[in-house]
Amino acid sequence: MTQGVVTRFPPSPTGYLHLGGARTALFNWLFARKHKGKFILRIEDTDRERSTEEYARDIIESLKWLGIDWDEGPYFQSQRFHIYQGYIERLLEAGNAYYCYCTQEELERKRQEAMERGLKPKYDLTCREKDLPEKAGAVVRLKSPLSGVTTFRDLVRGVITVPNEELDDLVLRRSDGTPTYHLAVVADDIELGVTHIIRGDDHLNNTPRQIAIYRALGLQIPHYAHVPMILGPDKKRLSKRHGATSVMAYKEMGYLPMALLNGLVRIGWSYGDQEKFTLPELIEKFSLEGIGKSPGVFNQEKILDLNGVYIRESDEEYLLKELIPFLEEIGIRDIEREGLIKAIRTLKPRSKTLREMAEGCRMYFERPFVHDRELLKRFLTPEVISILHRLRERLSAQKSWDIQGLEDCFKGFLDEGKIKLKVIAQPLRVILTNRTASPGLFEVMEVLGKDETLRRIDISLLGEGI
RNA sequence: GUCCCCAUCGUCUAGUCAGGUCCAGGACACCGGGCUUUCAAUCCGGCAACAGGGGUUCAAAUCCCCUUGGGGACGCCA
């Protein structure tokens, strides 16, 4: 199995790449990388009504952002109709497919009736044995086995058996001449030499139908691995109504791709108790055996936490590069690099997303900086103001403006005046940041620099009429 | 309705295939505490689950059956 593994990810561009699709892509990609095989991207746009180029672009962009690269493709099924036509003809010639004249209205009516009578709605085989000639507007159907069972071994589910009465003569070519999904997937998977089909288990029921096509073609079936679905908090299949579900939405919220990847991979797959993986580790440790059978609810909080972990572990250079778009979005630009690096260092342990980190930068870099007078008033008692005046003098004489130097400076000042840091910490914090919660005071002062620090103290004390 | 699949803390899961080491482990969330200039981070501690019922067995979260619950499929969508 290690030799010659070929997997593929075949999204249909009828929507943005969502979390479920991304995880499926990830599993296929990991499996291929682990076995030194090939991973193919194929865009399934046979439904020209609903497919758009914009979605196709989003899918490609999302995969790139996640770092999931492909060795072949993207193939577009809409450009491969001639291939599918060849397969349809093969089936027709072998007598394993036939033309059907039934109209969609008729079929819909029959489906309704069957449902009402409590039967499984399926094609009633009206045209199956008529041996009708080709005709404009006719569809081509597969002659599926009518009795017996179809059994296959799924790499995560085990042996699956379905009675063939459950299958019906599925359409291979529509009345407009375009191939349907079932035919196109099978044809492409054969053409591209796909060995392992790893997909969502919403396709489990489709598998026997597709197997029927392989059999009609006289070909061997590939390996199948159906992975459980990702559900929303209401245990329904994850969809737009559950909020942010597109990959790009996570990028925009300030998630790091590795955090999303790591969060996604742990839904439905595990490696003992390990929660965090590097990419090489994932490639090394990933296996189909580690995939569970039951569907998993998407846990946004856990991914948020993971994102915090990755932010904390990332170096400032990397974070800066990723942070810039978020800063620009809120109007913070042209800040010198050293200052930003220092700011990021202070914000790292308290930011769960890049967006949050950018927000944190406001207190350092947003101009003009305007105090909230009400807030100030609450903290500036006469006693505090008098201490701050003296502190201001001391600070203006301070030479080494770094965390250590400032800490020493404060220590000397507080000891001499027998003042507790607690007394002036919060007032100073409000003066410097306009907030009651912030990184440590010395860190803040270092990022602000001497001039800005003194300036903020001055304007706040001045404003109080002193 | 019919068929297929699934079932461990609120959530993701380990353990299930090869039954005893599991009065069930880890993570997120939540609660309490330490550290502390605030908020975080960090450290320590706590809450919390084998869906129910029958078997098999000396022994079952683990094997079998039923019930219940959940998901999916049943398109000239993919």
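Order of the sequence lines fixes the chain letters, A, B, ..., with proteins taken first and strands second; residue numbering starts at 1 for each chain.
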Within the modelled atom types, does a donor on one side and an acceptor on the other bring the side chain of A/Ser175 and the base of B/C76 under 3.5 Å apart?
yes

A/Ile303 atom CD1 is separated from B/A29 atom P, nearest whole Å, by 13 Å

Could you check whether the rings of A/Phe277 and A/Trp269 sit parallel, tilted or perpendicular, using 30° and 60° as the cut-offs?
tilted

Classify the side-chain pair A/Gln104/A/Glu108 by whether it contains a donor and acceptor separated by less than 3.5 Å.
no

Rounded to whole Å, please give me the gap between CG in A/Leu264 and P in B/U11.
19 Å

Counter-base of B/U68, judged by Watson-Crick or G-U geometry with both distances under 3.5 Å
B/A7

Quick one: do the A/Tyr364 and A/Thr433 side chains pair a donor with an acceptor below 3.5 Å?
no

Inter-nucleotide P distance (B/G25, B/A61), Å rounded:
14 Å

By the 4.0 Å heavy-atom rule, please label A/Leu421 as base, sugar-phosphate, or nothing.
base

If pairing requires Watson-Crick or G-U wobble contacts with both distances under 3.5 Å, which nucleotide is the partner of B/C17?
none

Whole angstrom is fine here: how far is it from CD in A/Gln112 over to C1' in B/G75?
12 Å

Between P on B/U2 and CG on A/Asp124, what's the gap in Å once rounded to a whole number?
21 Å

note: A/Arg157, atom CZ; B/C17, atom P; distance rounded to Å ~ 19 Å

Looking across every strand, which nucleic acid part, if any, lies under 4.0 Å from A/Pro10 by heavy atom: base, sugar-phosphate, or nothing?
nothing

Can you tell me the base-pairing partner of B/G75? Count Watson-Crick or G-U wobble geometry only, both distances below 3.5 Å, and say none if there is no partner.
none

Rounded to the nearest angstrom, tell me the gap between atom NZ in A/Lys293 and atom C1' in B/U62.
13 Å

Mate of B/C50 where both pairing distances stay under 3.5 Å, Watson-Crick or G-U
none

Below 30° counts as parallel, above 60° as perpendicular, anything between as tilted: where do the rings of A/Tyr250 and A/Phe298 land?
perpendicular

Could you work out the separation of B/C9 and B/A51 based on their P atoms and round it to a whole Å?
7 Å

If you find the nucleotide of RNA chain B closest to A/Leu204 and the one closest to A/Arg350, which residue's nucleotide is nearer the 5' end?
A/Leu204

Starting from the 5' end of RNA chain B, give me the residue, A/Val162 or A/Asn205, whose nearest nucleotide shows up first.
A/Val162

Give every pair of a protein N or O atom and an N or O atom of nucleotides 23-26 of chain B that lie under 3.5 Å apart, one pair per line with the distance.
residue : atom : partner  : partner atom : Å
B/G25   : N2   : A/Asp273 : OD1          : 2.5
B/G26   : N2   : A/Glu275 : OE2          : 2.7

If you take atom types as modelled and just measure distance, does the side chain of A/Asn206 reach the base of B/A78 with a donor-acceptor pair under 3.5 Å?
yes

In whole Å, what separates the C1' atom of B/C47 from that of B/A40?
24 Å

Which nucleotide, in any strand shown, forms a Watson-Crick or G-U wobble pair with B/G45, with both distances under 3.5 Å?
B/C31

Measuring to OP1 and OP2 of B/C76, would you say a side-chain N or O of A/Arg111 lies under 4.0 angstrom away?
yes

